[in-house]
Amino acid sequence: MPELPEVEVVRRGLADHVVGRTIERAEFFGTRVARRHLPGPRDLADRLAGNHVEDARRRGKYLWLVLSGPDGSRQGLVTHLGMSGQLLVEAPDAPREKHLHAVVDFDDDGPQLRFVDQRTFGGMALAELTPDDVPEPVAHIAPDPLEGGYDQAAVVRRMKGKDVAVKRALLDQTLVSGVGNIYADEALWRAQVHGERLCSSLTKPTLARVLDHAREVMLEALGQGGTSFDALYVNVNGASGHFDRSLHAYGQEGRPCDRCGTPIRREAFMNRSSYSCPRCQPRRRARRG
DNA sequence: AGAACGCCCTGCTGGC
DNA sequence: TGCCAGCAGGGCGTTC
């Protein structure tokens, strides 16, 4: 399940293997992968041909290639991996994956870029760059904790003013981007805060602590090549990360908390699962005495 | 207008 | 053994 660290691993792979090359042709299979590209997959393929890949960038879980056309125009090939998307760099004669949705060939003898996605929650689209140098479909996303424009004090102020659960706020990509269900649970476990506590009821230092941990846990995961449970996520070379060995809360139902030994609980929240320690992360502040 | 819900999709798992 | 409901869940369109 690609969240920020996994997407960053993919971005680095693209920087190494795709940036600096020129697209010769592209092909999209089916219509779903290009559903966000309103003129359709054929138009997308036609527009990609002849573009030079200048850069590979990321904000939160969004990834894009900065393309320059023969006429000097610049656009972004925006890619979201969704739940199960993979960008793979492979030899053109490598066997076709079962859920192959797109192939990009370059005008050299190097490998091709493939988009594979089992559940096709992900997709690709070509978009104009805004004056902030961010593709239009990414403009509404807040900076992520690993980028320069990230202003944590401002995020804390916005959160403090909201009567919403702190986990809901962590997952709100317009507040802070890149955090998904896994790293939200890990950050809340580290901060010893229950995800259903309201932002407005937490102190600013506590909110800052939660965000600090979100940033730290994602940095640690990045250092280990990301998290992977089921081999759906891989980097561009097909190798999985192994941060899942370091999880303290997510997916750990019934296992003793690494801090206090109390069994980790699983609760339904926002139509998905939340994992937390009942003792370290009480729903309400424990009474003294 | 901001918040919350439901749908998109496929593969795997568990229960009967 | 087989079938099917349930689950995994990010983001966005729709609804309230």
Side-chain angles (χ1 to χ4, degrees), chain A residues 1-8 10-11 28-38 41 58-64 78-87 96-102 115-125 127 134-145 155 157-188 195-196 198-200 214 218 221 226-234 240 244 247 249-254 265-275:
Chain A
M1 296 140 204
E3 298 181 27
L4 186 154
E6 293 75 28
V7 179
E8 174 60 15
V10 173
R11 189 202 66 78
F28 294 87
F29 310 107
T31 56
R32 191 164 161 76
V33 66
R35 66 194 181 283
R36 305 270 177 230
H37 186 84
L38 299 182
R58 181 192 57 73
R59 167 168 284 183
K61 303 170 200 170
Y62 279 88
L63 189 64
W64 66 95
V78 181
T79 302
H80 199 293
L81 301 177
M83 291 296 303
S84 53
Q86 298 170 258
L87 283 171
R96 281 176 59 141
E97 289 77 7
K98 183 178 178 186
H99 299 289
L100 179 64
H101 294 285
F115 185 78
V116 176
D117 192 350
Q118 174 195 105
R119 285 170 240 185
T120 46
F121 278 31
M124 304 175 101
V134 166
E136 194 276 333
V138 188
H140 68 292
I141 297 296
D144 65 62
V155 176
R157 282 195 298 274
R158 287 185 65 192
M159 287 174 76
K160 180 66 183 169
K162 283 180 173 287
D163 290 324
V164 301
V166 61
K167 181 167 177 180
R168 189 182 289 275
L170 277 178
L171 296 175
D172 182 347
Q173 304 296 302
T174 68
L175 271 174
V176 54
S177 68
V179 183
N181 202 39
I182 297 170
Y183 295 116
D185 276 3
E186 291 304 304
L188 290 164
E196 291 190 42
L198 299 184
C199 290
S200 54
M218 291 196 294
T227 302
S228 179
F229 302 101
D230 50 13
L232 283 177
Y233 159 75
V234 291
S240 296
D244 56 316
L247 296 177
Y250 185 85
Q252 307 300 305
E253 183 180 17
R265 69 182 155 198
R266 180 165 74 98
E267 298 170 293
F269 178 65
M270 289 173 71
N271 292 323
R272 57 201 55 170
S273 290
S274 287
Y275 299 87

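Just so we're on the same page: letters track the sequence lines, and every chain starts at 1. Note that this is a predicted model, so its numbers are computed, not measured. When reading the values below, keep in mind they use all heavy atoms of this one structure, side chains included, and skip hydrogens, waters and symmetry mates.
For A:Lys61, the side-chain atoms get nearest to C:dG11 when compared with the rest of C:dA8, C:dC12, C:dG11. Distances were taken from every side-chain heavy atom of A:Ser273 (C-beta onward) to each of C:dA8, B:dT10, C:dG11; the shortest belongs to C:dA8.
Every residue two or more places apart in sequence or in another chain that forms a ring pair (Phe, Tyr, Trp, His ring centres under 6.0 Å) with A:His80 is listed here: A:Tyr62. Looking at residues two or more places apart in sequence or on another chain, you find no ring pair (Phe, Tyr, Trp, His ring centres under 6.0 Å) involving A:Phe269. Listed by chain and residue number, A:Glu267 satisfy the salt bridge (Lys or Arg N to Asp or Glu O under 4.0 Å) test with A:Arg265 (two or more places apart in sequence, or in another chain). A:Ala184 meets the side-chain contact (heavy atoms from CB on, under 4.5 Å) test with A:Lys167, A:Leu170, A:Leu171, A:Val179; sequence neighbours excluded. Judged as a ring pair (Phe, Tyr, Trp, His ring centres under 6.0 Å), and not counting sequence neighbours, A:Phe115 has no contacts. Annotation: side-chain hydrogen bond (donor to acceptor under 3.5 Å, both in side chains) contacts of A:Arg168 (sequence neighbours excluded): none. Every residue meeting the salt bridge (Lys or Arg N to Asp or Glu O under 4.0 Å) condition with A:Arg58, not counting sequence neighbours, appears here in chain and number order: A:Glu8, A:Asp144. Among residues two or more places apart in sequence or in another chain, the salt bridge (Lys or Arg N to Asp or Glu O under 4.0 Å) test is passed with A:Arg158 by none. Residues passing the side-chain hydrogen bond (donor to acceptor under 3.5 Å, both in side chains) test with A:Glu136: none are found, sequence neighbours excluded.
Within 4.0 Å (heavy atoms only), A:Phe269 reaches no atom of the nucleic acid at all.
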Name the pairs: protein N/O against N/O of nucleotides 14-16 of chain C, kept only if under 3.5 Å.
none

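Rounded to whole angstrom, the span from the CG atom of A:Leu175 across to the P atom of C:dG11 amounts to 13 Å. Rounded to an integer number of Å, the gap from A:Glu136 CD to C:dG11 P is 16 Å. In this structure, the CE atom of A:Met83 is 13 Å from the C1' atom of B:dC12, given to the nearest Å. Note: CD (A:Gln86) to P (B:dT10) measures 16 Å, nearest angstrom.
Between A:Tyr62 and the phosphate of C:dC12, there is a side-chain N or O to OP1/OP2 separation shorter than 4.0 Å. Distances shorter than 4.0 Å separate none of the side-chain N or O atoms of A:His80 from OP1 or OP2 on C:dC12.
Using a 4.5 Å heavy-atom cutoff, the side chains of A:Phe29 and A:Arg96 are in contact.
End-to-end axis angle of the helix from B:dG2-C:dC16 to B:dC16-C:dG2, from C1' rotation axes over five pairs per end: 50° (rounded to 10 degrees).
Listed for the A:Lys160 side chain is a donor-acceptor partner under 3.5 Å among the backbone atoms of A:Ser200.
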Check: Reading nucleotides 3-9 of chain B 5' to 3', which nucleotides get B (base under 4.0 Å from a protein heavy atom), which S (sugar-phosphate only), which -?
Finding: SS---BB
